[in-house]
Amino acid sequence: MVIRGGLIAACLLILLGCSSATQTTLYQRLGAEQGIAAIVDGLLYEIEHDERIVHHFADSDIGRFRAMLSEQLCDLTGGPCQYSGSSMQESHTGFNITLADYDALVEGLIKVMQRQQISIADQNALLALLAPMYKDISYR
Ligand code: HEM
């Protein structure tokens with residue numbers, strides 16, 4: 001019995017050791033460069049098909065938006081990038097973005113992450129990084 005208890009403790013120690021040795025960044029868990037590109041492209045598709053918010057992007061350079069959002073998500077999640085775009089306040093001023101608009105975009109993002117089978121924990125980790133930006137993006 002004592003031997004079995006010792007074995008179980010040893011196995012647990014090995015498992016714990018392994019899990020900390022294989023700790024990954026959110027960037028890696030989202031699928032690194034390819035995974036983030038797929039999230040951004042999926043989100044662009046959702047925005048394009050969401051009549052509640054698509055009008056905000058009518059005059060935007062979508063190529064730039066795509067590149068800047070990818071870079072920002074890479075940077076935020078611990079990837080090897082440095083966001084080089086405008087601040088959230090600068091880039092969203094004048095669009096009169098409401099809480100409902102913000103929620104619609106986040107709803108699209110969640111749909112995409114579900115489709116890509118990203119775990120709920122990782123979905124929440126990304127949303128938690130984006131949530132504080134609301135105050136700079138929304139219309140005041
Ligand atoms: C999670 C929240 C959001 C993040 C992280 C985000 C991020 C970004 C980034 C990185 C850019 C590019 C900035 C640049 O060009 O330097 C951008 C631009 C833009 N965003 Fe957002 N955004 C968010 C929410 C929203 C929402 C809710 C809307 C409207 C429904 C929106 C509408 C726009 C538009 C229209 C542009 C293009 C501005 C232009 O044409 O210059 N964003 N956003």
Side-chain angles (χ1 to χ4, degrees):
M1 218 38 188
V2 173
I3 292 175
R4 189 188 283 180
L7 270 179
I8 291 170
C11 289
L12 275 176
L13 276 177
I14 290 167
L15 278 177
L16 285 173
C18 284
S19 71
S20 67
T22 56
Q23 235 173 31
T24 54
T25 59
L26 180 57
Y27 172 76
Q28 287 165 322
R29 297 197 301 279
L30 294 177
E33 196 180 338
Q34 274 196 335
I36 292 200
I39 292 176
V40 170
D41 285 344
L43 182 60
L44 284 178
Y45 177 89
E46 292 298 327
I47 292 172
E48 198 189 327
H49 292 86
D50 190 335
E51 61 190 20
R52 295 171 297 178
I53 54 173
V54 67
H55 61 278
H56 286 298
F57 295 84
D59 298 324
S60 299
D61 175 346
I62 299 300
R64 178 183 165 90
F65 175 64
R66 180 174 181 266
M68 288 301 109
L69 185 60
S70 306
E71 195 177 77
Q72 188 189 38
L73 294 184
C74 166
D75 190 355
L76 270 177
T77 57
C81 312
Q82 205 168 5
Y83 177 60
S84 62
S86 310
S87 73
M88 289 299 93
Q89 204 165 356
E90 273 166 8
S91 51
H92 296 89
T93 296
F95 288 96
N96 295 358
I97 295 168
T98 61
L99 175 60
D101 292 334
Y102 185 87
D103 285 348
L105 185 135
V106 168
E107 199 183 294
L109 177 60
I110 292 172
K111 260 195 214 170
V112 172
M113 292 193 290
Q114 293 277 59
R115 271 206 300 270
Q116 283 180 226
Q117 303 190 327
I118 291 168
S119 74
I120 300 288
D122 290 341
Q123 291 185 29
N124 286 339
L126 181 59
L127 295 175
L129 291 171
L130 299 179
M133 295 178 180
Y134 169 69
K135 63 178 191 332
D136 294 325
I137 288 169
S138 67
Y139 166 63
R140 277 161 293 179

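Numbering of ligands and ligand atoms starts at 1, following listing order.
The distance criterion of under 3.5 Å between nitrogen or oxygen atoms is not met by Ser91 with respect to ligand 1. For ligand 1, the polar-atom distance check against Asp59 finds no nitrogen or oxygen pair separated by under 3.5 Å. Of the N or O atoms in Asp61, none lie within a sub-3.5 Å distance of an N or O in ligand 1. Polar contact with ligand 1: present for Ser86 (N/O pair, distance under 3.5 Å).
Side-chain atoms of Asp101 come within 3.5 Å of backbone N or O of Thr98 as a donor-acceptor pair.
Of the heavy atoms in Glu90, none comes closer than 4.0 Å to ligand 1. The side chain of Gln72, and not its backbone, has at least one atom closer than 4.0 Å to an atom of ligand 1 (non-hydrogen atoms only; side chain from C-beta on). At a heavy-atom distance under 4.0 Å, only side-chain atoms of Phe95, from C-beta outward, approach ligand 1.
Between Tyr83 and ligand 1 there is a heavy-atom distance shorter than 4.0 Å.
In this structure the side chain of Tyr102 reaches within 4.5 angstrom of the side chain of Leu130, judged on heavy atoms.
Under the 4.0 angstrom criterion, atom 40 (O) of ligand 1 counts as having a protein heavy-atom contact.
In this structure, Leu43 is a member of the same hydrophobic cluster as Tyr134, with clusters built from ILVMFWY side-chain heavy atoms closer than 4.5 Å.
Of the options Leu130, Val54, Ile137, the smallest heavy-atom separation from atom 2 (C) of ligand 1 is shown by Ile137.
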